[in-house]
Each structure stands twice: as C-alpha cells, then as structure tokens.
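The residues of the chain are indexed from 1 along the displayed sequence.
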Amino acid sequence: MSTTKPTQQFAFDRRRFLTRSAQAATFMGLAHTAPAWARGGDLHNGAIRAGFDEVSGRDIALTIGEGPRVVQGRRGHAIAVNGSVPGPLVRLKEGQPVRLAVTNTLDEDSSIHWHGLLLPFQYDGVPGVSFPGIKPGETFVYDIPALRQSGTYWWHSHSGLQEQAGHYGPIVVEPAGADPVQADRDYVLLLSDFTPLHPHTIMDKLKKGEGYFNYQQNTWTDDYPLSGEDRRMWARMRMMATDILDVTGSTYTYLANGRGPEEGLEFLFNPGERVRLRVINGSAMTFFNVRIPGVKFWVVGADGQNVRPVEVEEFQIGTAETYDIVVEPTGEAQTIVAESMDRSGMAVATLASRPGARAAVPPLRDPPLLTMADMGMNHGSGGMDHGSGDMAGMDHSAMGHNMSSQGASTDQMAGMDMSGMNMRDTSKLPPDVKVGPGIDMVSMNPVDRMGDPGIGLEKVPHKVLTYKDLVALAPNDDLRRPSRQMEIHLTGNMERYMWSFDGKKFSAVSDDPIRFAYNERVRVKLVNDTMMAHPIHLHGHFFELVNGAPADRQPQKHTVIVQPGGSATFDLTADEEGDWAFHCHLLYHMHSGMFQIVTVAPRGNQSDVKRVGED
C-alpha cells in the first residue's frame with residue numbers, strides 16, 4: 001500500500017533488542033495522568049463492565065487488570081483494559097503520531113498488539129519477537145510515528161491465552177481527508193466469544209480429546225442428510241462430517257460488543273439514514289456468518305482498506321478480519337445476526353429506530369456438513385469434481401485415511417471409485433515440509449478456493465460475499481511482477497491437536513524465520529493440508545489477494561482465510577523492516593505451534609522502489 005516511510009532508523013537485531021530492559025520506565029509518569037479508574041482501581045472491587053469507552057489524543061493511557069465477569073448469568077474470570085471487556089475504542093487520526101502508555105497490573109507478563117497498524121516493529125507488541133513484553137507493575141510506551149493509514153482495526157494481547165479472557169478492543173483510524181464512505185451513523189460491532197472456563201482448561205481438553213466441545217456429532221439416529229454408506233465411510237475414516245469448529249456454543253456465549261444475545265445491544269437509527277457498521281471479529285476461535293435477515297447491504301471495506309461497494313446479504317468473517325458495511329435500515333427494527341460457522345450459537349444486535357424496539361431473531365440454521373472439497377478432493381475441470389453427486393456406491397476401501405476425527409466430506413457423489421486414494425500421501429508434499437507425527441492429512445489436489453463463500457454457505461438462497469468479489473477502491477502503488485514464488489503448507493494432526501507451518505511447530509523453527517529482502521516482491525501461496533479453515537495473519541504488512549481483480553486493484557488485507565483442502569495466494573511487498581509474527585489467528589492453533597517469524601532485512605542505504613503515482 002502507499003506509505004511514507006518513517007525517517008527515524010531503528011535497531012534491527014531482535015536478540016539484542018530482547019536482551020535490553022524495557023524502556024518504558026522513562027515514561028512511567030504518563031500513566032499517572034490517567035484517572036484512577038483507568039489505573040486498575042476498580043478492577044478488583046467489582047464486576048468488569050461490558051462494552052467499551054473511547055480514548056483518543058496524542059497521549060493515551062491504558063491499564064490491564066483482571067476481575068470477575070458475568071455474561072447472561074455465567075460467571076468467569078476476565079482480563080480487562082480500563083475496566084471493561086472489550087477494552088476502550090482507540091480512536092486515532094491518519095497522519096498524526098500517538099503515544100500509548102500501557103500499564104500492566106496483572107501478576108503475569110502482558111502485551112498489546114495493534115492488529116493491522118503499520119508501525120516500527122518494536123512497537124508491534126509480540127513478546128519474544130518484537131519486544132520483551134510488559135512485566136507486572138510496569139508500563140511500556142508504544143511511541144508510534146505518524147499513522148500511514150485509516151480504517152477499522154483492533155488490538156489484543158499477544159501474551160499466552162489472555163485474548164480469550166477479554167484482552168481486546170477496537171481501533172478506528174479517521175482519514176486525514178474526506179472519507180469515501182458516506183454514512184449518517186458510524187458504529188463498531190465487535191464480535192467475540194466468552195466462556196467461564198479458564199483458557200488453559202480449554203487447551204487441556206483439546207489436547208486430550210479434540211472433539212470435546214463438539215456436541216453436533218453424527219449418530220445412527222440423527223437427522224443429518226447422510227446415507228448408511230456415508231456413515232460407514234465416516235466411521236472407517238474415523239472422522240466427523242460435523243467437525244467444523246474446535247470450540248463451540250457448548251461452552252461459548254457469543255458476544256456483540258461484550259454483550260450476550262439476550263443482553264440487548266442496540267444501534268439507533270432514523271428512517272432514511274445510512275448506517276455504517278465496522279464489523280470486527282475479535283474472537284479467540286470463532287468464524288461468524290453475518291447477516292441482517294432479508295436485507296441487502298454493501299461491503300465497503302475489508303481489513304481497514306476501502307473496496308468497491310459489493311451488494312450482498314451475508315458474509316463470513318474469520319477471526320481477526322474486519323469488514324465495513326453500509327446498510328439503510330427500514331421499519332421499526334432489524335436484527336443483526338452473527339451465527340457461528342458450525343451454527344451452535346449466535347451473537348445478536350439490533351438496528352433500532354427507538355430504544356427498546358426489536359425485530360424477530362431467526363432460529364439457528366441446520367449445522368453444515370463438510371464436503372469433498374474440504375478434503376482437498378475438488379479436482380476442478382481437470383479431474384473429478386467432488387462438489388455434487390451421491391457418496392453412496394463409492395469404494396472407500398483403499399483411501400488410506402489414517403486420520404483423526406477432523407471432518408471431511410458429505411457432498412453426495414454417485415458411483416465414484418475412490419480406490420487407491422491416499423489422504424496421507426506425503427509424496428505430494430514439497431521437500432521442505434517436515435513429515436512426521438504432526439501431519440495426519442495431505443490435501444490430494446488443493447485448488448484455489450478464494451471464490452468459496454465459506455463452510456455451510458455454498459447453497460444459501462442469497463448472495464454471499466467471497467474474496468473474488470473484493471476490488472480495491474484506490475489503485476495499488478506497486479505493480480512489479482513478483483521476483484519469486486513461495487509455497488507454505490498449513491499442516492496439523494487433529495487427534496493430537498498439533499498445528500504447524502510446513503510440518504514444523506514454532507518451537508522448532510524460532511531460529512529459522514521466513515526471510516525477505518527489503519522491498520522484495522514475492523508471490524506467496526498458502527496450501528491448507530488440513531480440513532479446518534485457518535485465518536492466517538501477517539503482522540506489519542498488507543498483502544494483495546490474487547483473486548482475479550486487475551493487478552492495480554487487487555484487494556489488500558492483513559488476514560486471509562485459507563479454506564480446508566484448498567489454497568489462497570497473495571502478493572507481498574516486503575517494505576516494513578524488522579521481525580514480524582506470522583500465524584493462524586485461531587488462538588489455540590497458534591498456541592499449539594502454527595506460528596512463524598517473518599524477517600524483512602534492513603533497508604540500509606538502498607533507495608525505495610519508485611511507486612505508481614510518485615514523481
């Protein structure tokens with residue numbers, strides 16, 4: 001994206017940086033300018049508030065604390081910032097610098113990552129990668145130079161599993177000039193998930209039994225549209241067609257701005273107004289399908305970047321993604337539904353013409369079933385298309401499925417002979433992928449799935465957004481052809497709950513980062529060898545989705561969903577020097593090893609590449 005490079009040069013050696021003591025002591029006085037409630041004073045004496053305040057200005061004070069939290073009568077422990085979950089909306093301005101003094105009152109280290117913001121890497125907020133973290137009782141100041149972007153973003157902890165406990169909040173960066181999105185009202189809708197369980201308890205249960213939270217398992221007496229042969233196939237493969245999400249509504253209450261579906265979140269409007277909703281998925285583990293039943297709206301932004309308006313009735317939003325939509329509500333009230341991808345629960349908000357106005361809340365739709373494409377067996381026009389037909393009559397005897405209950409296909413496919421198909425054929429993997437117990441599946445024929453609307457949305461009777469619908473509103477400024485290509489495989493063993501890139505857990509590759517030369521232009525192909533959708537996030541950069549849009553209008557994102565058994569491709573200009581995290585944004589996948597470091601070499605004395613529109 002078009003950026004103005006900061007003139008200040010920063011030390012680059014990560015190991016040397018991490019050995020230094022936190023520099024925040026110099027700035028401790030900043031935190032004391034905040035009111036008492038913002039210094040953790042009320043966090044231990046009462047329940048944490050739902051919803052968020054707003055902070056802005058040149059100097060902002062944030063305090064991390066903990067306390068009890070109650071959501072629809074369910075009590076749990078929470079980590080909050082400035083006394084609320086979500087934490088405050090941080091409102092910033094393009095072209096202006098900001099100092100964010102973050103004080104940690106916990107008994108453990110903490111951090112804040114500014115998700116989607118372009119900034120010097122040592123302020124990115126990832127302990128062990130870009131800074132040491134914030135020790136108990138200490139303050140760290142994120143001294144961010146003039147912001148080079150506008151749009152909708154969010155912030156969250158990158159320490160342990162604190163994000164699951166409530167340590168997150170929204171960011172809005174106002175544009176320096178006129179906003180191309182015109183609306184009468186502008187709201188933030190932050191989606192998330194709450195559980196009374198401690199995050200490490202969830203991690204422990206997933207390690208012991210990956211299907212622990214899946215209450216939608218198929219049985220001989222269920223109502224799923226599976227034939228007897230289908231069920232025998234799933235039994236032979238030791239898999240479940242309903243294995244969509246690792247953690248589900250069996251423990252989660254799905255939240256809208258910190259409030260459960262029965263707690264009455266409202267967005268007021270007057271008839272005839274255009275309402276902008278900045279939708280942020282701040283969940284730990286949940287994909288949401290967002291719709292306003294029976295209403296069309298326009299998607300106008302993706303991951304903070306403006307796109308040409310796309311009229312849809314639903315979109316799937318992966319963890320860590322953001323979408324801006326514009327809707328013109330009518331009537332007395334309309335319901336906003338954010339249904340979890342496995343349809344085990346939903347978050348709810350209301351567009352209301354007056355306080356207390358309500359519209360009907362639709363029931364949960366039938367749970368989706370995974371398809372042959374999710375096995376990586378959608379062979380496209382060059383082979384078998386497993387997207388239709390009847391599975392009855394297929395010969396699965398030699399499929400070689402030595403796999404867990406990770407889920408796969410129930411698309412009906414008549415008469416297909418699957419003999420000899422090996423779902424763990426590691427000969428299909430490139431030599432740099434480490435083959436071992438961390439891989440229990442290899443996608444047979446991974447095809448580009450950026451035109452897929454998302455699991456369970458293939459056959460709904462209305463228009464659903466896909467990545468192929470996204471076209472950048474403003475032209476991209478780097479039109480060079482990539483100088484090289486890179487392929488990264490998303491790998492895992494569901495039964496053992498092991499997740500990785502290229503078969504290597506992060507603990508094994510921390511000294512072997514993905515390296516880019518400064519200003520290098522690279523085409524990166526992500527291949528998903530698992531049967532779960534993964535939202536992959538690269539810190540410190542935007543990349544351009546190779547989605548069929550013209551080269552100068554490829555949409556820019558910081559997070560991309562890679563569909564099960566498929567692939568997604570993006571072009572990256574590596575022009576942000578430093579060490580950056582690169583990971584799956586499903587919290588427990590990242591915690592289990594699907595994490596890497598991307599290192600962009602220092603700029604040194606080389607000149608910047610001339611960009612489109614520059615003199």
Side-chain angles (χ1 to χ4, degrees), residues 1 3 5-6 8-20 22-24 27 60 62 64 81 87 90 92 97-102 104 109-135 138-149 151 153-160 162-163 167-171 173 282 303-304 320 322 506 510 513-516 518 535-543 557-559 572-585 587 590 595-603:
M1 64 185 299
T3 60
K5 305 299 294 181
Q8 185 179 4
Q9 297 298 308
F10 297 96
F12 180 72
D13 189 311
R14 176 168 59 90
R15 292 175 179 80
R16 189 165 66 246
F17 183 83
L18 293 175
T19 59
R20 298 173 183 171
Q23 301 173 0
F27 304 97
I60 294 173
L62 301 172
I64 305 165
V81 174
V90 177
L92 306 174
V98 62
R99 284 190 299 263
L100 297 125
V102 180
N104 178 17
D109 289 7
S110 193
S111 59
I112 291 182
H113 162 58
W114 312 100
H115 187 107
L117 294 192
L118 300 171
L119 36 65
F121 82 96
Q122 55 265 56
Y123 298 129
D124 188 50
V126 182
V129 176
S130 55
F131 86 137
I134 309 173
K135 300 293 183 185
E138 293 188 352
T139 297
F140 183 86
V141 176
Y142 296 83
D143 195 358
I144 300 174
L147 293 165
R148 296 175 278 144
Q149 65 200 109
Y153 307 97
W154 65 298
W155 55 263
H156 60 85
S157 173
H158 233 289
S159 298
Q162 293 175 4
E163 184 184 336
H167 191 342
Y168 52 81
I171 301 173
V173 183
D303 286 0
T322 74
F506 175 66
S510 57
I514 300 171
R515 299 182 186 276
F516 294 103
Y518 181 78
I536 303 300
H537 172 47
L538 174 61
H539 288 220
H541 295 77
F542 285 87
F543 46 73
K557 293 185 97 271
H558 52 58
T559 304
L572 171 68
T573 297
D575 58 356
E576 301 290 339
E577 59 186 274
D579 290 340
W580 306 99
F582 175 66
H583 60 91
C584 176
H585 221 288
L587 183 62
M590 180 183 71
F595 185 102
Q596 246 289 17
I597 295 173
V598 165
T599 294
V600 179
R603 173 177 175 175

When rounded to the nearest 0.5 angstrom, what is the spacing between CZ in F582 and CD in Q596? 8.5 Å
When you check the side-chain N and O atoms of H585 and T559, is any donor under 3.5 Å from an acceptor? no
Non-hydrogen side-chain atoms of Q149 and F542 separated by less than 4.5 Å: yes
Kindly say whether D109 contributes a backbone atom to a donor-acceptor pair with the side chain of Q162 at under 3.5 angstrom? yes
Using a 3.5 Å distance criterion without hydrogens, assess whether the side chain of H537 forms a donor-acceptor pair with backbone atoms of A581. no
Using only atom types and a distance under 3.5 Å, with no angle test, would you say the side chain of T573 pairs donor to acceptor with the backbone of D575? no
Minimum heavy-atom separation for Y153 to D303, with atom names? CE2-O, 3.5 Å
Can the ring centroids of Y168 and H156 be said to lie less than 6.0 angstrom from one another? no
Rounded distance (nearest 0.5 Å) linking atom CD1 of I144 with atom CG of L117: 6.0 Å
Nearest-0.5 Å distance, NE2 of residue H167 to CD1 of residue I64: 3.5 Å
Do C584 and P535 make a side-chain contact, defined as non-hydrogen atoms from C-beta onward lying under 4.5 Å apart? yes
Could you verify whether a donor N or O on one side chain and an acceptor N or O on the other, from D579 and S130, lie under 3.5 Å apart? no
Kindly indicate whether the side chain of S111, heavy atoms from C-beta on, has any atom under 4.5 Å from the side chain of F131. yes
Ignoring hydrogens and geometry, is there a side-chain-to-backbone donor-acceptor pair from Y142 to W114 under 3.5 Å? no
P127 versus S159, closest heavy-atom pair with distance: CG-OG, 3.6 Å
Min side-chain heavy-atom separation V129-H158 under 4.5 Å: no
With rounding to the nearest 0.5 angstrom, report the CG to CG distance, D143 to L119. 11.0 Å
Is E163 reaching over with its side chain to a backbone N or O of L587, donor-acceptor style, under 3.5 angstrom? no
Who passes ring-ring contact (aromatic ring centres under 6.0 Å, His included) against F543, sequence neighbours left out? F570
W155 CH2 to I112 CD1 distance, which is reported to the nearest 0.5 Å: 5.0 Å
Heavy-atom closest contact (H583 atom, F595 atom, distance): CB-CD1, 3.5 Å
Using the ring of each side chain (for Trp, its six-membered ring), is H558 parallel, tilted or perpendicular to H115, with breaks at 30° and 60°? perpendicular
So do N104 and E138 actually touch side chain to side chain, heavy atoms under 4.5 Å? no
For a 4.5 angstrom cut-off between non-hydrogen side-chain atoms, does L538 reach L572? yes
Minimal heavy-atom distance between Q122 and F140, with the atoms involved, is O-CZ, 4.1 Å
Rounded to the nearest 0.5 Å, what separates atom CZ in F506 from atom CE in M590? 10.5 Å
